[in-house]
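As a basis for the values below, the full set of heavy atoms in this structure was taken, side chains included, without hydrogen atoms, waters or symmetry mates. Counting starts at 1 for both ligands and their atoms, following the listed order. In this text, all values refer to a predicted model and were calculated from it rather than measured experimentally. We number each residue from 1, following the sequence as shown.
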Amino acid sequence: MTTPLEAAYEPDAFRATAHALMDQLADYLKAALGGGAMPVLPWVPPAVNQERFATPFPEVPSQEPSGLFAALMARVLEGSHHLHHPRYVGHQVTAPLPLAALCDAVSSLLNNGMAVYEMGPVATAMEHHVLAWMASTLGLPQSTRGVLTSGGSAGNLTALLAARQAKAGYDAWNGGAHAGPPLTVLVPRTAHYCLARAVRIMGWGEGGLTPVDVDAHFRVRPDALEGALEDATRKGRKAIAVVASAGSTATGAFDPLEPVADFADKHGLWFHVDGAHGAAASLSPKYRALVRGIERADSVVWDAHKGLLMPALVTAVLFRDGARSFDAFSQEASYLFHGDDARPYSDVGLRTLECTKEMMPLKVYACLSVLGTRVFEEAVTASYDQARRFAATLTAAPDFEVAVPPDCNIVCFRHTPAHVPESEWDALQARLREALVTRGNFYLVQTRLPRGVYLRTTLIHPLTRDADLDALLEALRGADQG
Ligand SMILES: *Cc1c(COP(=O)(O)O)cnc(C)c1O
C-alpha cells in the first residue's frame, strides 16, 4: 500500500492532475482575455477573503489529504486579481506570457537553486546568456556582467552596495558604515522609494539620500546636480553615486541620461540607472532614444516582470565592469564557494542577496528563444504608442486633463468635470477610482503629484485596446453621475 507521502510524488497522478489543471488554466485565460462579464478585480474586503479561505485551510490544516486540488484552484482563479483582463490598467505588473508561466512550473519542479553552479548548471548558463543579451540591447560593453535577482528593490540595493565598495574610499562592507566619512547618493526626487530604503539598509540614515530637483515633466534637472552635490558636501557627506530613473514610477518620466553621465564623469561618481520599468524601451527602435546614455552607466537595473511580459520576479542588475558585480556581497562562505579564486562567474550566489533562488533566467531565455525578440519589441512600441494616443484623447476631452505628456506607457490624468469645483478634484479622483475598482469593471491606481491627486494607468497589457480606454473614460464620467 502506498503511503500518502508516496502518493504525493506519484508521477501518473501528477500527470492527470497537471492535464486537468492545464485545461482549467487555458479556460481561465480565454475568459480573462475576453474580458466580458469577468470583473478585473473581484473586490471584497480583506476580512471576507480571510473568512472564505478559512476552509479547507483552517488554522490547523487537516492531517488527512483532501484531494480537492481542482476545486481549490478554481476558487483561487475566481477570487484573484485578473491581470490578463484587458481592462487591467493599474500597477506596473504585466499580464505574463502564458509560456513563461509554464517555465515557472518547470523551475519549481526542478528546484535548481542556482547559488552555485552545481545546483543549477543549465539555469546558470541561461542566466549568463540572458544577461549578455540584455547588456547588448542596452549598448553596454562586452565586459558587462551581472545577476538576476528578486525584484527592482533588491536590484537597486545590490547596485548601490557595489557602488559603495567602488567609491567609498574605505571598506564599508567589512569595516561598517562608520569606518569612514558618511556617504550619500544623489537621487532624483521622483525616484522609487526603494532607493531611500537602500541607503537606510546600508546604515547611512536619511542623509544617505540627497534629493535632486526635477522639472515640470518630472525629469531630473541636470542643472540642479551641482547644487545637490554642494548641499551634500556642506552637510558633511561624501557623495559616491548619482542615480537616474529610466522611467520614474509615478509618471514614467525618463531622466535625461547623457547630462547625468557627464556629471558623474566630471566628479568621479558612480552612475546608476534605475531602469526597472523603462530599460525595456531599448528594445524599441522607435523609443530607444529615451534611454540614450544608459550605455554609459556603471550599473543598470531592469525588471523583466515589467517591460518584458514576465511573471514576477526577475530583475537584472548589470555592471559595465563585470568584476564589480562581485563587490556588493564580497564576503565568502567557505562551505559554498571553494578555492583560491572564490569568484567564478558560474557561482551566481556570490553576486546576489539570495542564496537559493528560483531558476529565474529560464522563462526569459525560453520566451526569447521560442517566441523571438520581435514580440517584446512590439509590446514596448505598441504600449508606448497607445499611451500617446490615450493622452491625446484625454487632452482633447473638455473634462479630462493629463498630468504630463507620457514618456512611456504610464499615463496620469484626472477628471475635471465643470460642475465639480477645483477644490474637490482630489476627493473626486479617489472616489471615482474606488467606484470602478470595487465594481470590478476596471483596475487603475492613483498617485499624488504636486498639483493634486491623479488617476494613474499603466498600459502594460499588450491586448488592451483603445476601445477599452474609451470605455474607461465613459465609466469615469458615469461613476461621477451616479
Ligand atoms: C517598480 C520599480 C522598482 C521596484 O521594483 P520591484 O521589482 O517592484 O521591486 C524600482 N524602481 C522603479 C523605477 C520601479 O518602477
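- Neither side chain, Thr190 nor Ser248, offers a donor N or O lying under 3.5 Å from an acceptor on the other.
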Using distance only, find each side-chain donor-acceptor pair of residues 193-202 under 3.5 Å and give its atom names and separation, not counting sequence neighbours.
residue: Arg200; atom: NH1; partner: Ala196; partner atom: O; Å: 3.0

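- The 4.0 Å heavy-atom shell around ligand 1 contains residues Gln92, Gly151, Gly152, Ser153, Asn156, His192, Cys194, Gly247, Thr249, Asp274, Ala276, His277, Asp303, His305, Lys306, ordered by chain and number.
- Just one residue in the list Thr249, Asn409, Thr458 forms a side-chain hydrogen bond (donor to acceptor under 3.5 Å, both in side chains) with His277, and that residue is Asn409.
- Using the six-membered ring where Trp is involved, Tyr287 and Tyr384 have ring planes that are tilted, between 30° and 60° apart.
- Partners of Arg456 under the salt bridge (charged side-chain N to carboxylate O under 4.0 Å, His left out) rule, at least two apart in sequence or in another chain, do not exist in this structure.
- In this view, Asn49 and Val44, Arg52, Phe53 satisfy the side chain to side chain contact (heavy atoms under 4.5 Å, CB included) rule, not counting sequence neighbours.
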